[in-house]
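The structure under discussion appears below in the form of structure tokens.
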Amino acid sequence: MMTAPKPSYSCACFYTDNIFIQEFHVHVRYTGEQQFRRDYERVLSSQGCRTSEQFRNVLETESFLAAEFLTAVKYSKSPQANVEGLLHHLHSITDKRIYRLPVFIPEFCAKLVEELENFERSDLPKGRPNTMNNYGILLNELGFVDALTAPLCEKYIEPLTSLLFPDWGGGCLDSHRAFVVKYALQEDLDLSCHYDNAEVTLNVSLGKEFTDGNLYFSDMKEVPVNERTYAEVEHITGQGILHRGQHVHGALPISSGERWNLILWMRASDVRNKCCPMCDNEPVLVKTLGDGDGFTSVREDREQTVDICTLT
């Protein structure tokens, strides 16, 4: 008799131990402010962290996130924030409302890929990340949604998207799908032209070593094919590309190595409840197991689970 496979877990130390504070070049463990002050206040002082403001900044910093990313988020949360000011913290790619910015530090990318490779080598069952990619990992299978991607979307990314994409639900994102895709020789080399089942997408390059494989973007899906223009975007480890989900894009083939990317499809039920982004019609909702596709159905008791749109 075959036994059911055991669930996969990650050690909690992934989020608490061996955290690198780049500004002061020290690795720390963090389980709470009292513990952190007791264990590291004197060590950090010897490294130049001597004022109460500097120490508070360390406490408020998520050390796996790039400093430039945190600066952009901090600006987006400020009372005077506007899209023009935010653009000083981002790199705009042509005039297509595509934005690049650092998200993760390289050390975190390497550590995350190592965790993903360990899971990939295991005998545990694995789902495909989507209908186009054959190789990759759904992050909910690793338990990374509640611990990593949900806080990342809610606390950090939504302040940015609320300014950049207010017309696409950027300020009311309420669900997401998180997965990693892998490209390698003898596996998936490229990705055909498509658009995402999302209002806003974040695509972060995690490495590893590879050549070629650039992303390319044309225009929004309603633009006729013969009127579209294209722009290539290079992958840079730790940096993310923010774009509207309905922006047609693809990936050119790699010619060597392996490429891993973290993808966040972020959804706004206020937007998709009116029009399904995949069929462009009012959604016909059916119940589904799991998290669904970000649609909601509000009944008299205002209590309803997430459903999906029926696609043929």
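These numbers come from a predicted model, not from an experiment.
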Open item on the list: Applying side chain to side chain donor-acceptor pair (under 3.5 Å) to Asn140 and Arg177, what does each step give before you reach the verdict?
Closed with: CA-CA 9 Å; Asn140 63 336; Arg177 179 179 176 86; over 6 Å; no
- [ ] Look only at the side chain of Thr161 and the backbone of Leu164, and say whether a donor-acceptor pair between them is shorter than 3.5 Å.
- [x] no
Task: Minimum heavy-atom distance Pro129-Tyr135, with the two atoms named - done: CG-O, 4.2 Å
Open item on the list: Is there a continuous path of hydrophobic side-chain contacts, each under 4.5 Å between heavy atoms, that joins Leu116 to Ile263?
Closed with: no
TODO: Quick one: pull up NE2 in His91 and CD1 in Ile236 and give me the separation to the nearest 0.5 Å.
DONE: 8.0 Å
Open item on the list: With a 3.5 Å distance limit and no angle check, can you tell me whether Asn273 reaches the backbone of Thr296 through a side-chain donor-acceptor pair?
Closed with: yes
- [ ] List the atom of Ser162, the atom of Pro166, and the distance in Å for their closest heavy-atom pair.
- [x] O-CB, 3.6 Å
Task: Atom CD of Gln80: over 12 foreign heavy atoms under 6.0 Å - done: yes
Open item on the list: Any side-chain to backbone donor/acceptor pair from Arg272 onto Asp293? Under 3.5 Å, distance only.
Closed with: yes
Open item on the list: Tell me whether Ser45 contacts the main-chain N or O of Arg42 through its side chain, where contact means a donor paired with an acceptor under 3.5 Å.
Closed with: no
- [ ] Report yes or no: does Asp212 contribute a side-chain atom to a donor-acceptor pair with the main-chain N or O of Pro253 at less than 3.5 Å?
- [x] no
Task: Under-4.0 Å salt bridge between Glu117 and Lys208 - done: yes
Open item on the list: Please find the pair of heavy atoms, one from Pro277 and one from Asn197, that lie closest to each other, and give the distance.
Closed with: CG-OD1, 3.6 Å
Open item on the list: Minimum heavy-atom separation for Tyr216 and Ser192, please, with both atom names.
Closed with: OH-C, 3.9 Å
Open item on the list: Check for me, please, whether Val248 and Tyr230 land in the same ILVMFWY cluster - side-chain distances under 4.5 Å, paths through other members count.
Closed with: no
Open item on the list: Would you say Asn214 and Glu234 are linked by a side-chain donor-acceptor pair, where the criterion is simply a distance under 3.5 Å?
Closed with: no
Task: Same apolar cluster (I L V M F W Y, side chains within < 4.5 Å links), Val271/Val200 - done: no
Open item on the list: Hydrogens and angles aside, do Asn261 and Ser205 bring a side-chain donor and acceptor to less than 3.5 Å of each other?
Closed with: no
Task: Evaluation steps, side chain to side chain donor-acceptor pair (under 3.5 Å), between Asn134 and Arg128 - done: CA-CA 6 Å; Asn134 296 299; Arg128 289 176 60 188; 3.3 Å; yes
Open item on the list: Using modelled atom types and a 3.5 Å cut-off, is there a donor and acceptor pairing between side-chain atoms of Asn281 and backbone atoms of Pro283?
Closed with: no
TODO: Check whether any side-chain heavy atom of Ile137 lies under 4.5 Å from a side-chain heavy atom of Phe144, and answer yes or no.
DONE: no
Task: Phe217 six-ring centre to Lys96 NZ/CZ under 6.0 Å and within 45° of normal - done: no
TODO: Starting at CE of Met266, measure out to CG of Leu264 and round the result to the nearest 0.5 Å.
DONE: 5.5 Å
Open item on the list: Does any part of the side chain of His194, heavy atoms only, come nearer than 4.5 Å to the side chain of Asp196, both counted from C-beta?
Closed with: yes
Open item on the list: If I take atom CG from residue Leu252 and atom CG from residue Leu189, how far apart are they, to the nearest 0.5 angstrom?
Closed with: 11.5 Å
Task: Pairwise side-chain contact, His88 with Tyr75, heavy-atom cut-off 4.5 Å (strictly under) - done: no
Task: Lys77 (side chain) donor-acceptor with Lys155 (main chain) under 3.5 angstrom - done: yes
TODO: Answer whether the closest heavy-atom distance between the side chains of Leu86 and Tyr99 falls below 4.5 Å.
DONE: no
TODO: Give the ring-plane orientation class for Phe210 versus His235, where under 30° counts as parallel, over 60° as perpendicular and anything between as tilted.
DONE: perpendicular
Task: Linked, directly or transitively: Leu124 and Leu142 (ILVMFWY side chains, under 4.5 Å) - done: yes
TODO: Output, in order, the C-alpha distance, side-chain angles, deciding distance and verdict of side-chain contact (heavy atoms from CB on, under 4.5 Å) for Val284 and Phe295.
DONE: CA-CA 10 Å; Val284 178; Phe295 298 97; over 6 Å; no
TODO: Flag the pair Arg97 and Asp167 as a salt bridge only when some basic side-chain nitrogen lies within less than 4.0 angstrom of an acidic carboxylate oxygen.
DONE: yes
Open item on the list: Just checking Phe55 against Tyr40, ring centres under 6.0 Å apart?
Closed with: no
Open item on the list: Under a 3.5 Å cutoff, is there a donor and acceptor pairing between the side chains of His89 and Thr71?
Closed with: no
TODO: Evaluate the side-chain proximity of Val180 to Leu138: yes if any heavy-atom separation is below 4.5 Å, no if none is.
DONE: no
Task: Audit row: Phe165, Leu173, side-chain contact (heavy atoms from CB on, under 4.5 Å) steps and yes/no - done: CA-CA 11 Å; Phe165 307 114; Leu173 302 171; over 6 Å; no
Task: Under-4.0 Å salt bridge between Arg244 and Glu199 - done: no
Task: Residue Glu209 excluded, over 12 heavy atoms near CD under 6.0 Å - done: no
Task: Face-on cation placement of Lys74 at Phe69 ring, 6.0 Å and 45° thresholds - done: no
- [ ] Please answer whether the main-chain N or O of Leu112 pairs with a side-chain N or O of Glu115 as donor and acceptor at a distance below 3.5 Å.
- [x] no
Open item on the list: Can you classify the ring geometry of Phe179 versus Trp265 as parallel (below 30°), tilted (30 to 60°) or perpendicular (above 60°)?
Closed with: perpendicular
TODO: Would you check if the distance from the ring center of Trp260 to the ring center of Tyr183 is below 6.0 Å?
DONE: no
Open item on the list: Between Lys182 and Asp188, does any NZ, NE, NH1 or NH2 come within less than 4.0 Å of an OD or OE carboxylate oxygen?
Closed with: no
Open item on the list: Is it true that Gln35 and Asp39 share a donor-acceptor pair across their side chains at a distance under 3.5 Å?
Closed with: yes
Open item on the list: To the nearest 0.5 Å, what is the distance between OG1 on Thr201 and CD1 on Ile98?
Closed with: 11.0 Å
Task: Validation row: Leu65, Leu152 side chains within 4.5 angstrom (heavy atoms) - done: yes
Task: Lys/Arg N to Asp/Glu carboxylate O, Lys126 vs Glu120, below 4.0 Å - done: no
TODO: Could you tell me the separation between the CZ atom of Arg259 and the OG1 atom of Thr211, rounded to the nearest 0.5 Å?
DONE: 11.0 Å
Task: Check: Gln47 side chain, Val26 main-chain N or O, donor-acceptor pair, under 3.5 Å - done: no
Task: Close side-chain approach of Leu139 and Leu262, heavy atoms under 4.5 Å - done: yes
- [ ] Check Gly169 against Ala268 and note the closest heavy-atom contact, atom names and distance.
- [x] O-CB, 3.7 Å
TODO: Kindly give the heavy-atom pair with the smallest separation between Ala178 and His176, and that separation in Å.
DONE: CB-CD2, 3.9 Å
- [ ] Check the pair Phe64, Glu107 against side-chain contact (heavy atoms from CB on, under 4.5 Å), reporting the backbone distance first and the verdict last.
- [x] CA-CA 8 Å; Phe64 62 90; Glu107 294 87 349; over 6 Å; no
Open item on the list: Working to the nearest 0.5 angstrom, can you tell me the gap between Glu114 CD and Cys109 SG?
Closed with: 13.0 Å
TODO: Given side-chain contact (heavy atoms from CB on, under 4.5 Å), test Arg228 with Val225 step by step and report yes or no.
DONE: CA-CA 5 Å; Arg228 293 176 182 173; Val225 174; 4.0 Å; yes
- [ ] Could you label the plane-to-plane angle of the His247 and His243 rings as parallel, tilted or perpendicular, counting under 30° as parallel and over 60° as perpendicular?
- [x] perpendicular
Task: Single-linkage hydrophobic cluster, 4.5 Å side-chain cutoff, Leu215 and Leu191 together - done: no
